[in-house]
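Read the structure below first, then the notes.
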Amino acid sequence: MNDADAARIHAETLTLDTHVDIPWPAMSDPATATTRCVDFGKMRAGGLKAVVFIAYVPQGPLTPEGHAAASARAEAMLLALRGTAGETPMRRRLVTTPDELEACAEAGDLAVLLAVENGYAMGEDLSRLARWRELGAIYLTVTHDGHNALSDSARPKPALGDGPTLHGGLSALGRAAVREMNCVGLMVDVSHVAKPAMLEAASLSTTPVVATHACCHELRPHPRNLDVEQLRALRDCGGLIQITAVPSFLVAPGPDGHARATIRDYVDHVDHAVQRIGLDHVGLSSDFDGGGGFPGWMDASTTGAVTEELHRRGYGAREIGLLWSGNFLRVWRSVLRAAG
């Protein structure tokens, strides 16, 4: 194994980062050079072929006004992200199906994918799920930090009046939302979701569920990380954990309170998840521009470092392809086949 082999594998692999945030409302044009961790120039430089850009909505009050504002923000973000597809200075395509993604990569074009983070944006209106899918969203992250009308969060927000739990798992509306996501072809993302609700979603969903940006609790005890029971629930429903590059999810903070992770720490979590639940249930994400990144993989331009470390540890082209996109594509296809 050598760097040339890793570089070749990286160039030949459909590399997909499943969770990247954007600044809002001041969204800089990603077709230009920006200070963001991910723009199209950095993607091209790092051999990153596809990104799921996130319409993220922070948790607010559970009121009609709060829900309306959150819904308006999510839709505005999706529309703005759709507008980043274009021809120059490099071709970018909005893709909404696995076949479109594979065709885009085959043509050498960059792929723009969309998702919504925080079911707060749905409010109590299930029809918004179909609307987001029509706009191109491929998944919904059920909660963020703070309980919403659908589910308890892994990290309550006392500033919003949250206690440890609100619903004791999913609410009745949350269960209806999972069923509706199954119907309209949205993947159910259980990142940020409290453990009881996460396990309930994995059991209730008729399609595999995904944690698009999380790490392993055994290696780093953290409210946002998944323990062995949760990992096995993902495996048993055919789903995935996409290991993410947030330093505080990877390692404990040092004496100064800052977590300092490395590429080795990151791939330690990949290895651990593979050992616990099998290669077919593990993938990769960054959470760039949302807290992800560490020396060696600070932005999309250095994405090849992940492939190099995987290769150094003995992962071959097939395994690296599954981690970067193959497993996610399998789940996505399953979700779309089940949609009615």
Side-chain angles (χ1 to χ4, degrees), residues 54-78 114-214 223-224 226 230 233-234 237 239 331 335-336 338-340:
I54 304 302
Y56 158 68
V57 177
Q59 188 60 42
L62 302 180
T63 63
E65 296 77 14
H67 287 145
S71 177
R73 170 176 165 139
E75 183 155 334
M77 293 179 80
L78 290 173
L114 313 178
V116 176
E117 185 171 26
N118 197 356
Y120 178 54
M122 192 199 87
E124 298 181 357
D125 184 357
L126 292 170
S127 72
R128 288 181 175 138
L129 300 172
R131 170 61 176 163
W132 295 338
R133 180 62 192 143
E134 289 170 2
L135 289 174
I138 69 170
Y139 68 74
L140 168 65
T141 311
V142 176
T143 70
H144 194 257
D145 293 344
H147 307 318
N148 63 27
L150 307 183
S151 174
D152 291 346
S153 169
R155 292 196 288 192
K157 293 192 78 169
L160 291 175
D162 286 354
T165 67
L166 177 60
H167 311 288
L170 294 176
S171 67
L173 180 65
R175 290 188 288 274
V178 169
R179 290 189 287 266
E180 182 67 7
M181 283 187 266
N182 291 163
C183 288
V184 303
L186 279 174
M187 285 182 269
V188 178
D189 178 16
V190 294
S191 308
H192 287 279
V193 175
K195 179 178 176 177
M198 178 269 165
L199 295 174
E200 188 177 0
S203 175
L204 174 65
S205 178
T206 57
T207 63
V209 304
V210 183
T212 64
H213 55 304
R224 276 279 284 107
L226 305 187
Q230 291 172 288
L234 288 178
C237 75
V331 169
V335 168
L336 293 181

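- Of all non-hydrogen atoms in Ala154 and Pro223, the two that sit nearest each other are CB-O, 3.4 Å.
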Can I get a per-line list of side-chain donor-acceptor pairs under 3.5 Å for residues 57-66, giving both atom names and the distance, sequence neighbours left out?
from	atom 1	to	atom 2	distance (Å)
Gln59	OE1	Asn118	ND2	3.1
Gln59	NE2	His147	O	3.4
Thr63	OG1	Gly66	N	2.9

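- Pro196 and Gly168 make their closest contact through CB-O, 4.1 Å (heavy atoms, listed as atom of the first residue, atom of the second, distance).
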Please walk me through it: do His213 and Asp189 pass side chain to side chain contact (heavy atoms under 4.5 Å, CB included)? CA-CA 9 Å; His213 55 304; Asp189 178 16; 3.9 Å; yes

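- Here the side chains of Met187 and Met181 are not in contact, with every heavy-atom distance at 4.5 Å or above.
- Leu336 approaches Gly185 most closely through the heavy-atom pair CD2-O, 3.6 Å.
- Nearest approach of Ala137 to Leu186, heavy atoms of both residues: O-CD2, 3.4 Å.
- For the pair Val188/Val142, a side-chain contact is recorded, criterion being any heavy-atom separation below 4.5 Å from C-beta on.
- Atom CE in Met122 sits 8.5 Å away from atom CG in Leu140 (nearest 0.5 Å).
- Side-chain atoms of His144 and Tyr56, non-hydrogen and from C-beta on, do get closer than 4.5 Å to each other.
- When all heavy atoms are compared, the tightest approach of Thr141 to Ser191 is CG2-O, 3.3 Å.
- From Arg224, atom CZ reaches atom CG of Asp145 across 7.5 Å, with rounding to the nearest 0.5 Å.
- For the atom pair CG of Leu78 and CZ of Arg133, the computed distance is 11.5 Å after rounding to the nearest 0.5 Å.
- Atoms SG and CG, on Cys237 and Leu199 in that order, are 10.0 Å from each other to the nearest 0.5 Å.
- Tested against Val190 for a side chain to side chain contact (heavy atoms under 4.5 Å, CB included), the candidates Lys195, Glu200, Met198 yield a single pass: Met198.
- Inspection of the Ser205 and Asn182 side chains reveals an N or O donor paired with an N or O acceptor under 3.5 Å.
- Among all heavy-atom pairs drawn from Pro164 and Pro156, the shortest one is O-CG, 3.8 Å.
- Side-chain contact between Leu150 and Val178: absent, with no pair of heavy atoms (C-beta onward) separated by less than 4.5 Å.
- Side chains of Tyr139 and Val210 form no contact here, defined as non-hydrogen atoms less than 4.5 Å apart.
- How far CZ of Arg179 is from CG of Leu129: 12.5 Å, rounded to the nearest 0.5 Å.
- Here the straight-line distance linking atom CE of Met77 with atom CD of Glu117 works out to 9.5 Å at 0.5 Å rounding.
- Looking at Arg175, its side chain does come within 3.5 Å of a backbone N or O of Leu170 through a donor-acceptor pair.
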